[in-house]
Amino acid sequence: MTIYFYKVWEPYGCFSNFSPHGIEIRGTYWSTVEHYYQAQKFVGSVDAVIIPLISAAQTPEQAAALGRCSTRKVRCDWDVVKTEVMKEAVLKKFLTHAEIRETLLTTGDNLLVENSPNDYFWGCGANKTGENYLGKILMSVREEIRSLFCRYQ
Ligand SMILES: Nc1c(N[C@@H]2O[C@H](COP(=O)(O)O)[C@@H](O)[C@H]2O)[nH]c(=O)[nH]c1=O
């Protein structure tokens with residue numbers, strides 16, 4: 001079976017990076033994975049000044065809008081590092097919050113797919129042919145957590 005998720009208020013909404021589950025990474029707290037991910041785009045860039053604004057954004061939607069601003073300059077290695085940045089944040093989210101960790105574990109070996117209609121990298125896109133990197137990261141985090149917590153095996 002394939003489990004599709006996308007919006008926070010839909011089934012399996014806790015798998016969305018917009019879900020209200022904070023993470024602490026290297027001593028800094030981020031309200032959502034999305035806040036952290038969008039801010040990392042500007043580490044070491046000339047537009048690093050935007051990082052505290054992303055961090056302070058009231059909602060993940062606002063954090064994403066700031067990070068997607070086309071006039072800002074994203075760090076030059078972003079395409080190389082972005083999946084690792086996402087993996088670290090998603091792993092931290094599920095290590096931090098026990099209730100969503102259980103939800104992730106109850107999905108067993110089902111395929112997890114971010115059902116984003118317009119994202120063919122992190123999601124499956126409108127025609128379901130996208131790369132689904134967020135789903136792949138969630139499945140690898142599920143595997144890692146399974147071996148760490150030794151349950152549902
Ligand atoms: N869930 C979700 C989205 N999807 C998320 O957007 C992020 C990719 O952003 P970017 O690299 O800037 O295109 C990534 O975290 C992906 O999971 N986008 C949205 O506008 N609304 C949403 O509810």
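First listed ligand is number 1; within each ligand, the first listed atom is number 1. By convention here, the first residue in the shown sequence is residue 1.
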**Message:** Angle between ring planes, Y37 versus W78, binned at 30° and 60°: parallel, tilted or perpendicular?
**Reply:** tilted
**Asked** Does NZ in K128 sit with more than 12 non-hydrogen atoms of other residues, nucleotides or ligands closer than 6.0 Å?
**Response** yes
**Message:** Assess whether a salt bridge exists between E88 and K93, defined as any Lys/Arg side-chain N lying under 4.0 Å from an Asp/Glu carboxylate O.
**Reply:** no
**Asked** Going by an N to O cut-off under 4.0 Å, is there a salt bridge joining K136 and E114?
**Response** no
**Item:** K7/E10 ion pair, N-O < 4.0 Å
**Value:** no
**Request:** Apply side-chain hydrogen bond (donor to acceptor under 3.5 Å, both in side chains) to T129 and list each qualifying residue two or more places apart in sequence or on a separate chain.
**Result:** N127
**Message:** For a quick check: using heavy atoms under 4.0 Å, what are the residues in contact with ligand 1, sorted by chain and number?
**Reply:** Y6, K7, S16, N17, F18, E34, Y37, Q38, K41, R68, M86, E114, D119, W122, L134
